[in-house]
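In what follows, chains are A, B, ... by sequence order, proteins preceding strands, each numbered from 1.
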Amino acid sequence: MIDLKQLREDPQRFSERLNLRGEYDIQPILALDQQQRELEETRSQLQARSNQIGKAVGDRMKSGAKPNDPEILALKAEGSALKEQLGELEPQERSLKAEIETLSLGLPNLPSETTPLGKNETENVEIRRWGDEYIPRQEGLLPHWELGEALGILNFERSSKVAQSRFVTLVGAGAALERSLISFMLDRHIQAGYTEVIPPFLVNTASMTATGQLPKFAEESFQCAQDDLWLTPTAEVPVTNLYRDEILSAEDLPIYHCAYTPCFRREAGSYGRDTRGLIRLHQFNKVELVKFVHPSTSAQEHEALVQDAAAILEALKLPYRVLELCTGDLGFSAAKCYDLEVWMPSAETYREISSCSNFQGFQARRGNLRFKETGKKGTQFLHTLNGSGLAVGRTLAALLENYQQPDGSVQIPEVLRPYLGGQLAGQSAIAPTPK
RNA sequence: GGAGAGGUGGCUGAGUGGUCGAAAGCGGCAGAUUGCUAAUCUGUUGUACGGUUCGUAAGUCCGUACCGAGGGUUCGAAUCCCUCCCUCUCCGCCA
């Protein structure tokens, strides 16, 4: 949610910064806000008089006046008249407020001061690269879906029978690898100071609205028909909402959480893209990092968050680069965002594997996440940040492609080996299984 | 799913139509005091919105709203009525 006060104080500047992201008209909100405040003043004055009357009637009755005393009847009459007036003003004010709310919820966050200017993803800025030396150099590398199917560890065909297209079933070593990645990532993050949570995988409308998925992007998520519940599109939603409508104390901050959840996305409007493989599925696993911090620290917390996500790629020796998204490519709720992109040998390109955003007070305002500093009056909105650490399916895809061997086998990254049991215990590679 | 009970301030818990934003206790904060890792006493202590005076600001003052949520009755509702949500207990079912 945008900060209405900030908008009111300097609409010009507000509008300029908002328009770095696209076309947005703030005039309607401004006008409605003005109207609403005037109405509120009138209404609350009437209300005050009405309260006075209520008290006066009470006082008279206490001191022995009869209910049909002329004075009391007069007061009652005035009260009734006021009530009628209020009955007209109240719905007006309510609908103004609702309109303002609707418009405000539709406005994206303002880009941070440091976000590079740009119209779209072509103007994102590469910050750094890591792991060039790990980029495989051999010819004829298979895309992960071919490799995975050949190894018998990914099954797309049967999955679309069970569900639809854009679903996968992981089999044998594929499932084991996925599971080991989840455990490995979580262990690393816990070591780095994050507290693991396993939140609900279904979330309500209020939660989806607080983090910014709703109301604008309803068609992106799966909704349960009979309940006010949505399949979580990212752990960001349940984890951030853990503290919705709470006032924490400043000493509680920062709070760091990591969470594994499956994620569900309709991927409406992306039908042509990434139709094969693990890159774009309706259901995928993700380990997420979420931070709740004091506003004064959020910039450095953001940098640290990116590093915590990148550390996973480095431990797995997967080559990656860091992009900073420009103003035109920023997600709806983000003020600043870094993407981590992993090297995909088959396409000879980097693909997004983590998105690390600083939302500043945007989600906190929508979800009413506040904190109080002892000694200080009032409350403040805290800052929220989150990042994938990492998208597990895409990590598996990158791993298969980057670790594939000329003989069709796939090496198992060393850091993962302790996590593999059963038939893979002590193994250094996944070999093709004869059919 | 069936039956019952209940949702009050950071917590415990009073309050069944008027002076209740709400007793009391605990906790928190400030001060006083005692020669001591603490006790005692005094004061203070919710949030949001709007207005206002002085102010660079913090703040001051006034009004309104909030006792699970939304509606209703009434001059007046934490208190009465309706709907919904949630929690607890018992039964049923179930991983």
Side-chain angles (χ1 to χ4, degrees), chain A residues 1-10 29-101 103-104 198 200-210 224 226-230 238 241-253 262 295-296 361 364-382:
Chain A
M1 181 94 84
I2 54 153
D3 186 347
L4 255 183
K5 273 191 206 137
Q6 197 188 346
L7 171 67
R8 216 180 276 154
E9 272 164 23
D10 197 348
I29 292 190
L30 233 33
L32 290 170
D33 175 57
Q34 180 70 28
Q35 274 184 54
Q36 189 274 122
R37 277 185 302 157
E38 282 165 12
L39 225 140
E40 176 169 348
E41 208 190 328
T42 314
R43 196 219 74 231
S44 75
Q45 277 167 8
L46 292 179
Q47 193 67 255
R49 177 59 192 150
S50 170
N51 289 345
Q52 273 177 10
I53 290 170
K55 277 194 183 126
V57 173
D59 287 346
R60 301 293 189 287
M61 305 272 268
K62 270 252 160 86
S63 51
K66 299 247 162 54
N68 58 356
D69 183 294
E71 203 184 355
I72 289 190
L73 290 176
L75 284 170
K76 281 193 178 185
E78 190 186 349
S80 295
L82 278 173
K83 197 177 148 183
E84 209 166 307
Q85 285 185 60
L86 284 167
E88 284 176 31
L89 295 186
E90 273 167 2
Q92 283 179 39
E93 193 184 349
R94 226 176 297 142
S95 79
L96 275 175
K97 278 192 168 157
E99 259 184 278
I100 292 168
E101 164 120 337
L103 290 177
S104 308
I198 301 181
F201 298 163
L202 299 184
V203 295
N204 59 31
T205 297
S207 294
M208 290 283 279
T209 305
C224 301
Q226 304 186 38
D227 304 279
D228 177 30
L229 289 171
W230 303 71
N241 278 281
L242 250 19
Y243 301 98
R244 172 156 50 83
D245 292 320
E246 287 194 28
I247 302 174
L248 304 171
S249 74
E251 294 84 69
D252 296 333
L253 304 177
S296 65
R365 276 188 296 272
R366 291 168 83 100
N368 215 11
L369 283 79
R370 294 172 293 169
F371 71 97
K372 194 174 171 60
E373 272 171 310
T374 42
K376 276 199 187 177
K377 250 202 144 178
T379 58
Q380 298 175 64
F381 290 109
L382 49 76

Carboxylate-amine/guanidinium contact [X] [Y], below 4.0 Å:
X	Y	answer
D69(A)	R60(A)	no
E101(A)	K97(A)	no
K55(A)	D59(A)	no

Donor-acceptor pair, side chain of R366(A) and main chain of T209(A), under 3.5 angstrom: yes

With [atom1] as the reference atom in both, quote the distance from [N] to [M] in angstrom, rounded to an integer.
N	M	atom1	value
G18(B)	A22(B)	C1'	14 Å
G25(B)	C62(B)	P	26 Å
A3(B)	C75(B)	C1'	41 Å
A69(B)	C86(B)	C1'	10 Å
U83(B)	G27(B)	P	43 Å
A23(B)	C81(B)	C1'	28 Å
G63(B)	A24(B)	C1'	30 Å
G9(B)	U89(B)	C1'	27 Å

Base paired to [N] (Watson-Crick or G-U; both N/O distances under 3.5 angstrom):
N	value
A95(B)	none
U87(B)	A5(B)
A65(B)	U47(B)
U42(B)	A30(B)
G21(B)	none
U52(B)	none
U37(B)	none
G70(B)	C82(B)

Residues, nucleotides or ligands: over 12 heavy atoms within 6.0 Å of L73(A) CG: yes

Enclosure of E251(A) CD (heavy-atom neighbours >12, cutoff 6.0 Å): yes

Quick one: which of [options] gets closest to the side chain of [X]?
X	options	result
E40(A)	U47(B), U64(B), C49(B)	C49(B)
K83(A)	G76(B), U64(B), U47(B)	G76(B)
Q47(A)	U64(B), C75(B), A48(B)	U64(B)
A48(A)	A65(B), G63(B), G50(B)	G63(B)

Phosphate-side-chain proximity, [X] and [N], N/O vs OP1/OP2 below 4.0 Å:
X	N	answer
R49(A)	U64(B)	no
S44(A)	C49(B)	no
K372(A)	U47(B)	yes
R94(A)	G71(B)	yes
N51(A)	A65(B)	yes

What is the separation between atom [atom1] on [X] and atom [atom2] on [N], rounded to the nearest whole Å?
X	N	atom1	atom2	result
E101(A)	C49(B)	CD	C1'	14 Å
K97(A)	C66(B)	NZ	P	11 Å
E246(A)	A48(B)	CD	C1'	17 Å
F371(A)	G28(B)	CZ	C1'	18 Å
I247(A)	G46(B)	CD1	P	12 Å
I53(A)	U64(B)	CD1	P	12 Å
D227(A)	C86(B)	CG	C1'	15 Å
R366(A)	A48(B)	CZ	C1'	19 Å

First encountered from the 5' end of RNA chain B, between D33(A) and S50(A): D33(A)

Given RNA chain B, 5'-ward residue of the pair G79(A) and Q380(A), judged by closest heavy atom: Q380(A)

Touch class at under 4.0 angstrom, heavy-atom based, for S249(A) against every strand present: nothing

Any side-chain heavy-atom pair of L4(A) and I100(A) under 4.5 Å: yes

Close side-chain approach of R8(A) and R37(A), heavy atoms under 4.5 Å: yes

Shortest non-hydrogen contact from F371(A) toward S249(A): CB-C, 4.5 Å

Smallest separation among heavy atoms of L103(A) and L32(A), with atom names: CD1-CD1, 3.6 Å

Which pairs, protein N/O on one side and nucleotides 51-59 of chain B N/O on the other, fall under 3.5 Å?
| from | atom 1 | to | atom 2 | distance (Å) |
| --- | --- | --- | --- | --- |
| G51(B) | OP1 | R37(A) | NH1 | 3.3 |

